[in-house]
Amino acid sequence: MGHPNRRDLGLLLLRVGTGAVLAAHGTQKLFGWFGGGGIEGTTKGMEAMGFHPGRESAIAAGLGEAGGGALLALGLATPAAGAAAAGAMTGAVAVHAPAGFFATSGGYEYPAFLGFVAAAIGVTGAGRYSLDHATGHVLDRPWVVLTAFLGTAVAAAAVVNRRAGDQAAAADAAPDPEPEVP
């Protein structure tokens with residue numbers, strides 16, 4: 001294995017920490033672990049946030065976070081893992097964007113940070129202390145990086161744009177509020 005170097009140790013720490021956070025959030029959505037709503041609660045939440053169909057959106061978000069996070073932590077299929085997690089975080093950013101940037105006001109700061117870190121790891125690679133390295137980078141090739149991020153970008157854009165369109169249509173269909181009488 002050779003002598004450890006700081007870059008690979010740093011990537012290991014970053015991967016495991018970020019992957020664990022993402023996996024924990026995903027398992028809240030999928031299984032109700034750590035106080036989460038499980039698939040039924042997440043389905044209701046997704047529908048309330050404007051993601052339709054709700055169940056499929058809940059499963060996709062949960063898998064993107066839990067699966068992407070677990071694979072990042074292991075350093076396996078790192079480009080696909082980073083892309084999946086970043087795509088899931090794109091949906092979360094869209095939900096939090098109206099509240100502004102900072103998390104203290106309900107903004108998108110935290111999901112954006114997780115998405116950027118996941119994407120950066122996916123592009124950079126997992127480093128020497130990873131399953132990708134142990135398997136000869138079979139699932140960490142340049143074409144995998146391109147395919148994973150391109151596919152995720154297209155899918156995330158479609159989901160976010162559909163949600164925005166649905167919200168605009170709902171706002172147009174809503175009755176105008178009654179004017180206040182002085």
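Below, each value reflects all heavy atoms present in this structure, side chains not excepted, and no hydrogens, waters or symmetry copies. Sequential numbering from 1 along the given sequence is applied to the chain's residues.
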Which atom pairs, one a donor and one an acceptor, fall under 3.5 Å between side chains of residues 83-98 and the rest of the protein, sequence neighbours left out?
{"unit_1": "Thr90", "atom_1": "OG1", "unit_2": "Ala86", "atom_2": "O", "d": "2.9"}
{"unit_1": "His96", "atom_1": "ND1", "unit_2": "Gly106", "atom_2": "O", "d": "3.0"}

Hey, is the main chain of [Y] close enough, under 3.5 Å, to the side chain of [X] for a donor-acceptor pair?
{"X": "Arg128", "Y": "Asp8", "result": "no"}
{"X": "Thr135", "Y": "Asp132", "result": "yes"}
{"X": "Asp166", "Y": "His52", "result": "no"}
{"X": "Gln28", "Y": "Phe34", "result": "yes"}
{"X": "Thr147", "Y": "Val144", "result": "no"}

Under a 4.5 Å cut-off applied to non-hydrogen side-chain atoms, are [X] and [Y] in contact?
{"X": "Gln167", "Y": "Asp172", "answer": "no"}
{"X": "Leu11", "Y": "Tyr129", "answer": "no"}
{"X": "Asp140", "Y": "Pro79", "answer": "yes"}

Honestly curious: do Leu146 and Val154 fall in one hydrophobic cluster under the side-chain, below-4.5 Å linking rule?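 Leu146 does not cluster with Val154.
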
Out of curiosity, does Val123 fall in the hydrophobic cluster containing Leu150 (side-chain heavy atoms, cut-off under 4.5 Å, transitive links)?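 No, it is not one cluster - the side chains of Leu150 and Val123 are not joined through contacts under 4.5 Å.
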
For the pair Arg55 and Glu40, find out whether any cationic side-chain nitrogen is under 4.0 Å from an anionic carboxylate oxygen. yes

Atom pair [atom1] ([X]) and [atom2] ([Y]), whose distance is rounded to the nearest 0.5 Å:
{"X": "Tyr110", "Y": "Thr104", "atom1": "OH", "atom2": "OG1", "result": "15.0 Å"}
{"X": "Leu63", "Y": "Lys29", "atom1": "CG", "atom2": "NZ", "result": "11.5 Å"}
{"X": "Ile121", "Y": "Leu14", "atom1": "CD1", "atom2": "CG", "result": "4.0 Å"}
{"X": "Leu12", "Y": "Arg7", "atom1": "CG", "atom2": "CZ", "result": "12.0 Å"}

If I compare all heavy atoms of [X] with all of [Y], which pair ends up nearest, and what's the gap?
{"X": "Thr43", "Y": "Ile39", "value": "OG1-O, 2.6 Å"}
{"X": "Arg163", "Y": "Met49", "value": "NE-O, 2.6 Å"}
{"X": "Met46", "Y": "Ser57", "value": "CE-O, 3.5 Å"}
{"X": "Val145", "Y": "Gly122", "value": "CG2-O, 4.2 Å"}
{"X": "Ala126", "Y": "Gly75", "value": "CB-CA, 3.7 Å"}
{"X": "Val16", "Y": "Ala73", "value": "CG2-O, 3.6 Å"}

Take the angle between the ring planes of Phe31 and Trp33 and call it parallel below 30°, perpendicular above 60°, tilted in between. tilted

Whether over 12 other heavy atoms sit under 6.0 Å from Phe101 CZ: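 More than 12 within 6.0 Å, yes.
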
Hey, mind stepping through Leu71 and Thr78 against side-chain contact (heavy atoms from CB on, under 4.5 Å) and telling me if it holds? CA-CA 7 Å; Leu71 290 172; Thr78 304; over 6 Å; no

